[in-house]
Peer 1: 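Have a look at the structure that comes next, please.
The structure presented is a predicted model; accordingly, all values stated were derived computationally and were not measured. Any value given below was found using the heavy atoms of this structure, including those in side chains, with hydrogens, waters and symmetry copies removed. Position 1 is the first residue of the sequence, and the numbers go up from there.
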Amino acid sequence: MKRKRVTCLLVVIAILAASFLVMDWLLFFRCGAVEQCLVGGSVYQNVAKFAVTAFAALVVFLIGKDCLSSRDRTFLQAAFVMAVCADFCMKIVSGYALVGIGFFMAVQTLLIVRHTRRNDGDNSFPRILCIPFGAGVLAAALAVSGVFSGPKLPIVAAYGVFVICSLIAACRASGKGFFPAGNARQIKWGMILFFCCDVCVGVSGLVSADHSVQEIVATVAHNLVWMFYTPALVLLALSGYRQDA
C-alpha cells in the first residue's frame, strides 16, 4: 500500500513538473529574452512548483518504518519542512525571497548534519559547518554595516557557501559508512542537482537589456532551475528509504 502511495506521489510530481516546464519554455519562445519572461510566470506555474516541493515532502513523511533509522528520518523530514517553508516564501507570497533563502540555509544545515554522520549514535558537530556559519556571521555583519546597498548580496553569497559545503558533505557521505551504497548515490546526485539548481538561480539574476545575450542566458537559466530542482528533491526524498523497502 505504501509503495502505491509513494508511486502515485512521484507520478503526480512528474506530471506537475512536465506541465510547468512546458509552460516555462513556451513563455520563453513566445516573448523571447525579456525580463517579464524571467519573473512573470503564471500563478499556476508558481503554485505547481510549490506543490512539487510539498508532494516531495509527503514522500518523506511516508517513510515510517522503512527508514534507515529514526534519527535519519527526523533529519530528512525537518529538512523538507524547511524546504516547503522556503518555497512558500519564494513562490506563494511575494517580497519574502530573503526569508526563503534563510529557510534554505536551514535546509542545507540539516542536510550537512545528516550526511556527515558516521553512525546512528553520532552526535558530533560537523566541523565543515564552521565554514558556512562563519560566512553567515560575516554576511550579517556586512548587511548591518551598510557596506552594500542592501542585505541581498551578502545573504546570497553566504547561502552559496552553505550549498557548496552541503555538496561536499553529500559527495563524502559514501565514505562515512552510515549510508548504504544506493542511498549514498541518491544523496550525492541529489545534491549535485541541487547545486546545479542554485547555480542557475544565481545566473538567472543577471538580468540585462531585453533580448541581449546576457538576458537570454538569464532566462534560460531561470527555466533550468526546476529541471534540476525537481529530481534533486525526489532523489533526496527517496534516499531516506531502505533499499529493500
Side-chain angles (χ1 to χ4, degrees), residues 10 13 17 52-53 56-57 59-61 63 66-87 90 100-136 156-203 224-243 245:
L10 295 177
I13 288 172
V52 162
T53 306
V59 171
V60 174
F61 275 87
I63 291 176
D66 294 326
C67 60
L68 299 176
S69 74
S70 59
R71 292 189 68 193
D72 182 72
R73 180 184 62 205
T74 299
F75 277 119
L76 192 59
Q77 288 174 345
F80 269 79
V81 168
M82 293 296 103
V84 169
C85 293
D87 283 327
M90 297 285 196
I101 294 174
F103 278 119
F104 273 124
M105 288 181 180
V107 170
Q108 301 305 340
T109 298
L110 288 163
L111 291 179
I112 288 171
V113 174
R114 179 193 183 221
H115 299 156
T116 53
R117 297 170 68 221
R118 295 182 180 277
N119 54 66
D120 199 40
D122 187 355
N123 294 315
S124 62
F125 179 82
R127 286 180 294 178
I128 194 173
L129 271 179
C130 294
I131 300 173
F133 281 0
V156 170
Y159 174 69
V161 178
F162 270 85
V163 75
I164 290 172
C165 290
S166 186
L167 174 63
I168 293 171
C171 290
R172 292 178 174 177
S174 61
K176 298 295 182 180
F178 175 70
F179 294 99
N183 298 78
R185 282 194 298 271
Q186 289 173 327
I187 289 169
K188 175 183 176 180
W189 285 105
M191 274 310 305
I192 288 174
L193 291 169
F194 208 126
F195 177 78
C196 292
C197 157
D198 285 328
V199 169
C200 287
V201 171
V203 174
L224 289 174
V225 168
W226 283 81
M227 291 182 69
F228 291 121
Y229 187 47
T230 301
L233 289 173
V234 171
L235 285 172
L236 289 172
L238 294 178
S239 71
Y241 285 81
R242 297 194 317 271
Q243 295 297 302

Peer 1: Are the side chain of Asp66 and the backbone N or O of Arg242 linked by a donor-acceptor pair below 3.5 Å?
Peer 2: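 No: the side chain of Asp66 does not pair with the backbone of Arg242.
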
Peer 1: In chain order, what residues pass the salt bridge (charged side-chain N to carboxylate O under 4.0 Å, His left out) check against Arg73, with sequence neighbours excluded?
Peer 2: none

Peer 1: Can you name the nearest heavy-atom pair linking Pro126 to Thr116, along with the distance?
Peer 2: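 Smallest heavy-atom distance, with atoms named: CG-OG1, 3.3 Å.
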
Peer 1: Walk me through it: do Ile63 and Leu76 pass the test side chain to side chain contact (heavy atoms under 4.5 Å, CB included)?
Peer 2: CA-CA 10 Å; Ile63 291 176; Leu76 192 59; 4.1 Å; yes

Peer 1: Look up atom CE in Met191 and atom CG in Leu235, then write down how far apart they are to the nearest 0.5 Å.
Peer 2: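 It comes to 11.5 Å.
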
Peer 1: Looking only at heavy atoms, which two atoms of Ala83 and Val107 are closest? And how far apart?
Peer 2: N-CG2, 3.4 Å

Peer 1: Strictly by ring-ring contact (aromatic ring centres under 6.0 Å, His included), give each pair with a member in residues 173-195 just once, sequence neighbours left out.
Peer 2: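 Found Phe194-Tyr229.
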
Peer 1: Could you grab the distance from atom CD1 of Ile101 to atom CG of Asp198, nearest 0.5 Å is fine?
Peer 2: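 Answer rounded to 0.5 Å: 9.5 Å.
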
Peer 1: Between Ala17 and Val52, which heavy-atom pair has the shortest distance, and what is it?
Peer 2: N-CG2, 4.3 Å

Peer 1: Less than 4.5 Å apart, any side-chain heavy atom of Arg71 and any of Asn123?
Peer 2: yes

Peer 1: Examine distances only and state if a side-chain atom of Thr230 and a backbone atom of Trp226 form a donor-acceptor pair shorter than 3.5 Å.
Peer 2: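 Answer holds: yes.
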
Peer 1: Supply the atom-to-atom distance Phe75 CZ to Cys67 SG, rounded to the nearest 0.5 angstrom.
Peer 2: 13.0 Å

Peer 1: Would you check if the side chain of Arg117 reaches a backbone N or O of Asp120 as a donor-acceptor pair within less than 3.5 Å?
Peer 2: yes

Peer 1: Search all heavy atoms of Ala57 against all heavy atoms of Val84 and return the closest pair with its distance.
Peer 2: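 Closest approach of Ala57 to Val84: CB-CG2, 3.8 Å.
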
Peer 1: Hey, what do you get for CD1 (Ile187) to CG (Leu111), rounding to the nearest 0.5 Å?
Peer 2: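 The CG atom of Leu111 is 9.0 Å from CD1 of Ile187, to the nearest 0.5 Å.
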
Peer 1: Around Arg185, counting heavy atoms of other residues, nucleotides and ligands shown, do more than 12 lie under 6.0 Å from its CZ?
Peer 2: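 Count not over threshold, so no.
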
Peer 1: For the NE2 atom of His115 and the SG atom of Cys165, what is their distance to the nearest 0.5 Å?
Peer 2: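 Separation between the atoms: 14.0 Å.
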
Peer 1: So do Phe61 and Gln77 actually touch side chain to side chain, heavy atoms under 4.5 Å?
Peer 2: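 The answer is yes, as the side chains (C-beta and beyond) meet within the 4.5 Å cut-off.
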
Peer 1: Take Tyr241 and Asn183 through the side chain to side chain donor-acceptor pair (under 3.5 Å) test and state the conclusion after the steps.
Peer 2: CA-CA 8 Å; Tyr241 285 81; Asn183 298 78; over 6 Å; no

Peer 1: Heavy atoms only: give me the nearest Leu193-Phe228 pair and the separation to one decimal.
Peer 2: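 So the minimum-distance heavy-atom pair works out to O-CB, 3.4 Å.
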
Peer 1: How long is the span from the CD1 atom in Ile112 to the CD atom in Gln108, to the nearest 0.5 Å?
Peer 2: 6.5 Å

Peer 1: Give the minimum heavy-atom separation between Leu233 and Ala56, together with the two atoms involved.
Peer 2: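 Nearest pair, atom of Leu233 first, then Ala56: CB-CB, 4.0 Å.
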
Peer 1: Give a yes or no on whether the backbone of Asp122 and the side-chain of Asn119 come within a donor-acceptor separation of less than 3.5 Å.
Peer 2: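 Looks like yes, one N/O pair under 3.5 Å.
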
Peer 1: Is a donor from one side chain sitting under 3.5 angstrom from an acceptor on the other, for Ser239 and Gln186?
Peer 2: no

